[in-house]
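The structure appears below as structure tokens.
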Amino acid sequence: MTDILNNILNTTLGLNAPQWLVALLGYMVVATLLFLVAPFQMLFFTYYERRAIAKMQDRIGPNRVGPQGLLQPIADGVKMFTKEDIVPTSADKWVHLLAPCVVVAPTMFMFAVLPWGPGMVPVDLNAGLLFFFAISSVSAVGLMMAGWSSNNKFSLLGAMRAVAQMVSYEIPAVLSLLAIVMFTGSLSLVAIVEAQRGLIANIGDIANIPDLGLGWYIFSPVGFVAFIAFFIAALAEGERTPFDIPEADSEIVAGYMTEYSGMKFGLFYLAQYVLNFLLCAITARDLFWRLARAGCALAQRAGALARESCGQRLVQRAGRCARLRLFSHQDLLLFLCDDLATRCFAPATYRPVDGFWLEVSYPADRCEHL
Amino acid sequence: MTQAVPIEAVLTVAAALFCIGLFGALARRNLVSILIGVELMLNAVNINLIAFWRYYEAQFITGQTFALFIITVAAAEAAVGLAMVIAVYRSWTTVNAESVDSLKG
Amino acid sequence: MELVIQLIFAAITALIIGAAMMTVLVRNIIHAALWLIASFFGVAALYLLLEAEFIAVVQVLIYVGAVSILILFAIMLTRQITNQGAQQFVARWWVGAVVAVTLFTLVMAPALITATWVLPPQQGPAGAPAVLAGPAELGRGFVSEFLLQFEIAGLLLLVALIGAIVIAFEERARRRRVLTLAEEHALRSQESGVRSQNEPPQPLVAAERTERATAGQD
């Protein structure tokens, strides 16, 4: 991002902007993009979840707004925005106001270390994985604030349950990924992803044997056990079904969200779904990198994620110069989107060879980016 | 950072934080508040350690290690201290430091 | 560039000191704990500015994620609902203020008089980034140079874990008893009687009161 901005500002426009300003602008553009991604994926996660649960319960689910109810999330969003914002008279006003922000902000922060593709990571922090979990534990404070400031028994009970659950399940989550960290020898998410390329984890490609994506850590025994432990802990952190007592609506109305309405309530929902998305993403990055078209259930849950790593596979496989077989229009589209973003870092030239093949060549000096 | 802010500025921040924590520990009645003051003081100490590490021997790990050990001790202190607060509350039904005075002669 | 860093440093300093002042001055103890969290965040930001990113992350993980949650839980377990607006400072709070201000002056006075407050000369070739010890070096140090200290820290944590459980443990028979309405009524009248005689309440009563205040915690 910094490179592009540098080109636009200093070379094209000739503004002579100082380096720090360019870097700052670059980070701001990236942050804005990510902030736009978060609510968007949340909207469609709610739709997907409602449809899936309805199928399981032999119902139909939302199908009125738009084709197959696809516009339902938009309608929900409009409803959220236009609802009256009610603050209980006995509530602690400032804490009540700040709590949703404190819950949402950490989940947004967590995007900062998540790699999206080769060279596409907002900040490659040395302690990236640790940062991810450290920041995720901050939202517990927000839950506590929400529960306490509402001055409502149900809220307080729900907050206590939620916080106790988050704090206790964080330990298995971190410990299970510690195995992966010891495999890789690094806490950086980019390094963890890099270590999973090739045939066998940490070894890389073996000559003359095709790369089948067996380098994912999930195919190693330790990684598999770590995946199961992490999956359970992630369900608890994201407050999904077997672990949903914090908002068990038959006992304590809606837990810490009871006294919230309108957009503040929406913010809690946003935080929850973004957290779920991020937990899926971190699972994928740590254990299943390059999950391409395998119709795995987890990938379906993080639909966006599967799509994105599909694009990655196509690019990553391209070494200096590679031919790619494109199976469908969708593939081509995804590849082009991905390549558009990647080009900023490694400008590639590609030309169609015949019908199905696409030849991609990268300049030799930029190849290490892949 | 090292080229923009003199180390004395960082140390002043740490000293101020330490003194605020000291005031909190001395002047508050609530046992939990006293523990909060102690936590502030420990944080001030850590700032000092990291500042000295960064400005004078950034290529070694001693300063960071020391800071990590202090964080460990602080966590242990908080756990035990708060457990004691809860135990005191259970037998005295108060967390007021002045009321817990049965050792008074 | 220098100006930007100085501005960021000033903002972080304002956050740390302001939040710490609010922590010790504010009346409501839950607000105090929340301001404490803000102060911890400021300290973590300062670590980031000092390029100790691992320590910054650990600060957030331990202090914001664990210690402050522990403090909030402790406050909620020990809060006296009837006694909320009570005096928060000791009678001779000014002694504490004098001690703190004197200490600050004593520490800072020599520094203000003698220290130069100039930036250290740039070491090595100009513009070359300093080599910083990161998490990798730290990890290597823990299993070689600082092995003994590392083990002792682990032992300390274990002892603290056991100690905290032993101290705060409450016998199950006492804790889990659900009072009937009549018992509750009797307990309440007994309590008010105890209060009027101005005697410390009995331990069993205390345990039951805690139970009622915190029912449904787990």
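Values in this document were obtained by computation on a predicted structure and should not be read as measured data. Chain naming here is simple, since letters A, B, ... match the order of the sequence lines and numbering starts at 1 in each.
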Practice item. Measure across B/L68 and C/F54 and return the closest heavy-atom pair with its distance rounded to 0.1 Å. Key: CD1-CE2, 3.8 Å
**Study point:** Which atom of B/L22 lies closest to which atom of C/A100, heavy atoms considered
**Key:** CD2-CA, 4.3 Å
For the pair [X] (side chain) and [Y] (backbone), establish whether a donor and an acceptor sit closer than 3.5 Å, ignoring hydrogens and angles.
X     : Y      : value
C/W35 : C/V26  : no
B/R54 : C/E51  : no
B/T72 : C/A153 : no

Review point. Highest number of heavy-atom pairs under 4.5 Å with chain B: which of C/I152, C/I55, C/V67?
Key: C/I55
Check your understanding: Counting heavy-atom pairs under 4.5 Å to chain B, which of C/I8, C/I17, C/I62 comes out on top?
Key -> C/I17
Revision key, fill the gap. Checked B/L26, B/N43, B/V73, B/L35 vs chain C; the most non-hydrogen pairs under 4.5 Å come from B/N43
Review point. Between B/V85, B/I86, B/L40, which shows the greatest number of heavy-atom pairs under 4.5 Å with chain C?
Key: B/L40
Review point. Do other residues, nucleotides or ligands put more than 12 heavy atoms under 6.0 Å from C/F104 CZ?
Key: yes
Against chain B, label [X] side chain, backbone, both or neither, depending on which of its atoms sit under 4.5 Å from a heavy atom there.
X     : result
C/S39 : side chain
C/A97 : both
C/L70 : both

Study note, to complete from the structure: Cut-off 4.5 Å, heavy atoms of chain C, and the answer for B/V88 is neither
Check your understanding: For B/F69, is it the side chain, the backbone, both or neither that has a heavy atom under 4.5 Å from a heavy atom of chain C?
Key -> side chain
